[in-house]
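All figures in this text were calculated on a predicted structure; none of them were measured in a lab.
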2 protein chains.
Amino acid sequence: MSPRKSAAEARSTRRRIIDRGIAIASVEGLEGLTIGRLATDLGMSKAGILGHFGTKETLQLAVLEGASAVFVHSVWHPAEDAPPGLPRLRALCEAWIGYLEHERAVFPGGCLFTTASVEFDARGGRVRDAVARLSRVWRRRLAAEVRQAVAAGDLPAGTDPEQVTYELVGCYLALNQELQLLADPEAPARTRRALDRLLAPDAPVHPR
Amino acid sequence: MSPRKSAAEARSTRRRIIDRGIAIASVEGLEGLTIGRLATDLGMSKAGILGHFGTKETLQLAVLEGASAVFVHSVWHPAEDAPPGLPRLRALCEAWIGYLEHERAVFPGGCLFTTASVEFDARGGRVRDAVARLSRVWRRRLAAEVRQAVAAGDLPAGTDPEQVTYELVGCYLALNQELQLLADPEAPARTRRALDRLLAPDAPVHPR
DNA sequence: CCTACCGATCGGTAGG
DNA sequence: CCTACCGATCGGTAGG
């Protein structure tokens, strides 16, 4: 029999499950993430996995939360020290490119939020709600940075922050697709050119 | 026992399977499309479904081909009579918005190509290859239209057609996400504003 | 954290 | 096009 572990050991096991779950879900999706696959990969029993989460849905939410922490660490943190306004917005965007281009060890199948967004966008439930919420939080953060850049005079007055955010999100969805599906090495350069146009001091205002 | 059907009846059944398969796969993905679900929905046996395709992979490829026909009908055809160059490109883009916004009866879960792209981008196999091929065909078509618009003087000389195509694709990936995941009614208007900027006679050239 | 098990469903086949 | 079936796997539970 295997004895009950200490709280610290349990936390460490939980972390291992989540890290592995992120990698699997990045490739197979959050529905394609199965408890049996996790158990095999980690050399555990299915009941051992499930004991940490109770249900698959709770596991999916924990994996999503873990991926969110990775995103914050890879994209938000590196830009935190940049001056507010356009410099910080550009630092954020550059870190975002690196996240999609280089975080293959964590996300072998590409950005988990993109995968989960498409996977759950036509369903109900707590996972879908969590994906939508994370998406809105990130968009709000981007729009706030754009607003600061406008206030600082780094972007033209009259710029629509939601419009710029929408176009930024599109750029990165396209980048993810070109990297993952088409394996196009030109993709990051194209993203940077789009950013140069979108985040330029003389960018045309979007008329409403 | 149920007698063998005529070739015409078999074709009609095959069509029904594919149409239903497109609707299911749009919501559940091409992997989430199961033979049992199709059988229940259509009042057939699983063997009856499988008899038309042999394997699930062949069914997935047939569903993808059917969705491609819908896309061609909804987006390519309406623009075919527009004059080459910018007018046709804009007609294509407008039909593309309508396709994402209104084809809910055919694709209740949103664009099947977006779903399949993310679902298979980290796998191998014939389905992934087919998705990537369709994606490249559409990008080439868009780039060719941009090139014609430049040749006609409707877009600035020096415009990079692949760059514009990349940004167009991004716009529509973002539109699909805002419609499906975020249910944002402003999304089509935002897409049109992005197009106005991207496909304007005085759009800034993308430096390489 | 394990073993041992549950009913449901998966893709697919045999045979008609 | 059907019934009847196959082994594998799904999420989850009982009990320790």
Report the stems of DNA chain C as range-with-range entries sorted by first number; a stem here is at least three consecutive pairs, Watson-Crick or G-U wobble, both distances under 3.5 Å, and write none if there are none.
-> C:1-16 with D:1-16
Does any N or O in the side chain of A:D154 come within less than 3.5 Å of the main-chain N or O of A:L86, such that one atom is a donor and the other an acceptor?
-> yes
Kindly point out which of [options] is positioned nearest to the side chain of [X]?
X     : options               : value
B:A47 : D:dT3, C:dC2, D:dG12  : D:dT3
B:H52 : C:dC1, D:dC2, D:dC1   : D:dC1
A:T55 : C:dC1, D:dG12, C:dG11 : D:dG12

So, are [X] and [Y] salt-bridged, with charged N and O less than 4.0 Å apart?
X      : Y      : answer
B:D19  : B:R15  : yes
A:E145 : A:R141 : yes
B:R88  : B:E80  : no
A:R37  : A:D41  : yes

How about A:T191 and B:Y166: does a side-chain donor come under 3.5 Å of a side-chain acceptor?
-> yes
Ignoring hydrogens and angles, answer whether the base of C:dG12 and the side-chain atoms of B:K56 contain a donor-acceptor pair closer than 3.5 Å.
-> no
Select base, sugar-phosphate, or nothing to describe what A:T34 touches, counting heavy atoms under 4.0 Å on all strands.
-> sugar-phosphate
What does A:L33 touch in the nucleic acid at a heavy-atom separation under 4.0 angstrom: a base, only the sugar-phosphate, or nothing?
-> sugar-phosphate
Round to a whole Å and report the spacing from CG of A:L50 to C1' of C:dT3.
-> 15 Å
